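Reviewing the structure listed below.
Below, all heavy atoms of this structure are taken into account, side chains as well, without hydrogens, waters or symmetry copies. It should be emphasised that the depicted structure is a prediction, and the values quoted were computed from it without experimental measurement.
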Amino acid sequence: MTKSKGALALGLVIVVVAALLAIFNQSRTFPQLMGQSYAPTKVESIHIYLSPMQNGLPARELTLTQEDPAAQDLLALLGSQVYDVWYDVGAGGGHQILLDYTVYMTLSMEPEGEAQTMATVALDGSAHMDTDVLGPGGWSSSSNWVRTYYRADLAFQQEVLDLLLAQPYEEVL
């Protein structure tokens, strides 16, 4: 009888662990990454900073508003992907930068009452995209004890960069 209970308990533990692994490693869409406060129609503006990775290229800064077709194209591009989860458990280490610019975007959502949600997206050509959401409860990713990133292939990141480089910008010194 005890062997049967032990086998049942072990089976239950295995099922629970497998379910947790499936939940935490499930691919996510861009709206799922951004959380409940995100919808493409709620994005008021996207502030973008492009930092050059090579000498001689200027730093660029631009802001796309809700009415700007490029903002809609960018949100559609971000929304067209499914992102696999990658957790940083402190392994650290450098990585090769494969884009001409690192891309840092801040998405500002329309306020809901007194609360405003902002989200950041960073791309640098590495295998991972960094995202964060600041909502009424604080920053989403920095409140976790394990930092979460999302896989974004180089071709997709280059497509985002190409779209942004085609927009009018201010040169930053």
Side-chain angles (χ1 to χ4, degrees), residues 26-88 95 97-144 146-173:
Q26 183 179 18
S27 297
R28 293 173 174 89
T29 63
F30 191 70
Q32 288 172 326
L33 300 181
M34 296 293 102
Q36 294 177 343
S37 298
Y38 174 80
T41 56
K42 291 182 179 181
V43 176
E44 281 188 324
S45 65
I46 307 168
H47 184 80
I48 300 149
Y49 183 78
L50 303 175
S51 178
M53 298 312 301
Q54 302 173 20
N55 289 335
L57 293 175
R60 299 175 180 209
E61 193 169 9
L62 61 138
T63 300
L64 302 175
T65 63
Q66 198 174 51
E67 297 80 28
D68 193 332
Q72 300 311 312
D73 292 345
L74 177 60
L75 293 174
L77 184 57
L78 292 169
S80 71
Q81 300 292 304
V82 175
Y83 303 92
D84 292 330
V85 178
W86 180 74
Y87 296 102
D88 180 5
H95 59 269
I97 305 296
L98 301 172
L99 296 176
D100 290 338
Y101 287 87
T102 59
V103 178
Y104 186 80
M105 298 180 270
T106 302
L107 290 74
S108 299
M109 313 307 166
E110 293 173 348
E112 294 180 15
E114 292 188 23
Q116 179 159 17
T117 300
M118 299 179 78
T120 61
V121 176
L123 306 166
D124 64 7
S126 67
H128 308 105
M129 176 176 76
D130 188 13
T131 64
D132 243 333
V133 178
L134 174 62
W139 287 103
S140 65
S141 294
S142 59
S143 62
N144 299 333
V146 175
R147 185 84 174 128
T148 306
Y149 297 93
Y150 299 94
R151 295 189 192 281
D153 69 30
L154 182 59
F156 165 72
Q157 292 186 53
Q158 186 65 55
E159 193 174 350
V160 169
L161 180 59
D162 290 344
L163 173 71
L164 297 174
L165 289 173
Q167 305 310 309
Y169 64 92
E170 293 180 27
E171 200 168 301
V172 181
L173 300 177

Any [X] side-chain heavy atom under 4.5 Å of [Y] side chain:
X	Y	answer
Phe30	Val121	yes
Arg151	His128	yes
Val43	Tyr38	yes
Arg28	Val82	no
Tyr83	Leu78	yes
Ile48	Leu74	yes

Out of curiosity, [X] [atom1] to [Y] [atom2], how far, rounded to the nearest 0.5 Å?
X	Y	atom1	atom2	answer
Gln167	Leu64	CD	CG	6.0 Å
Leu99	Leu154	CG	CG	5.5 Å
Tyr49	Thr102	OH	OG1	8.0 Å
Leu50	Leu57	CG	CG	10.5 Å
Tyr101	Met53	OH	CE	11.5 Å
Thr29	Gln81	OG1	CD	11.5 Å

If every non-hydrogen atom of [X] is compared with every non-hydrogen atom of [Y], which pair is closest and at what distance?
X	Y	answer
Pro52	Ala59	CD-CA, 3.6 Å
Pro40	Leu75	O-CD1, 3.8 Å
Ser108	Gln116	CB-NE2, 3.9 Å

Donor-acceptor pairs are to be reported for all side-chain atoms of residues 155-163 against protein atoms at under 3.5 Å, with residues two or more places apart or in another chain.
{"residue": "Gln157", "atom": "OE1", "partner": "Asp124", "partner atom": "N", "Å": "3.3"}
{"residue": "Gln157", "atom": "OE1", "partner": "Gly125", "partner atom": "N", "Å": "2.7"}
{"residue": "Gln157", "atom": "NE2", "partner": "Ser126", "partner atom": "O", "Å": "2.7"}
{"residue": "Gln157", "atom": "NE2", "partner": "Ala152", "partner atom": "O", "Å": "2.7"}
{"residue": "Gln158", "atom": "NE2", "partner": "Asp162", "partner atom": "OD1", "Å": "2.8"}

Practice problem: Would you sort out whether Asp84 and Tyr150 count as a side-chain contact (heavy atoms from CB on, under 4.5 Å), showing the intermediate values? | Solution: CA-CA 5 Å; Asp84 292 330; Tyr150 299 94; over 6 Å; no

Return yes if a side-chain donor-acceptor contact under 3.5 Å exists between [X] and [Y], otherwise no.
X	Y	answer
His47	Thr106	no
Thr120	Asp132	no
Gln66	Glu110	yes

Quiz item: Looking at Tyr169, does the NZ or CZ of Arg60 lie under 6.0 angstrom from its six-membered ring centre and within 45 degrees of the ring axis?
Solution: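 Output yes; distance and angle both within limits.
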
Quiz item: Taking only residues at least two apart or on different chains, which pairs with a member in residues 31-45 satisfy salt bridge (charged side-chain N to carboxylate O under 4.0 Å, His left out)?
Solution: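 Passing the test, one end in residues 31-45: Lys42-Glu112.
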
Practice problem: Go through the steps for Thr131 and Met34 under the test side-chain contact (heavy atoms from CB on, under 4.5 Å), then give the verdict. | Solution: CA-CA 8 Å; Thr131 64; Met34 296 293 102; 3.9 Å; yes

Practice problem: Run the numbers on Ile46 and Thr63 for side-chain contact (heavy atoms from CB on, under 4.5 Å), then give the verdict. | Solution: CA-CA 6 Å; Ile46 307 168; Thr63 300; over 6 Å; no

Self-check item: Gln54 atom CD, neighbour heavy-atom count above 12 within 6.0 Å
Solution: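 Yes.
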
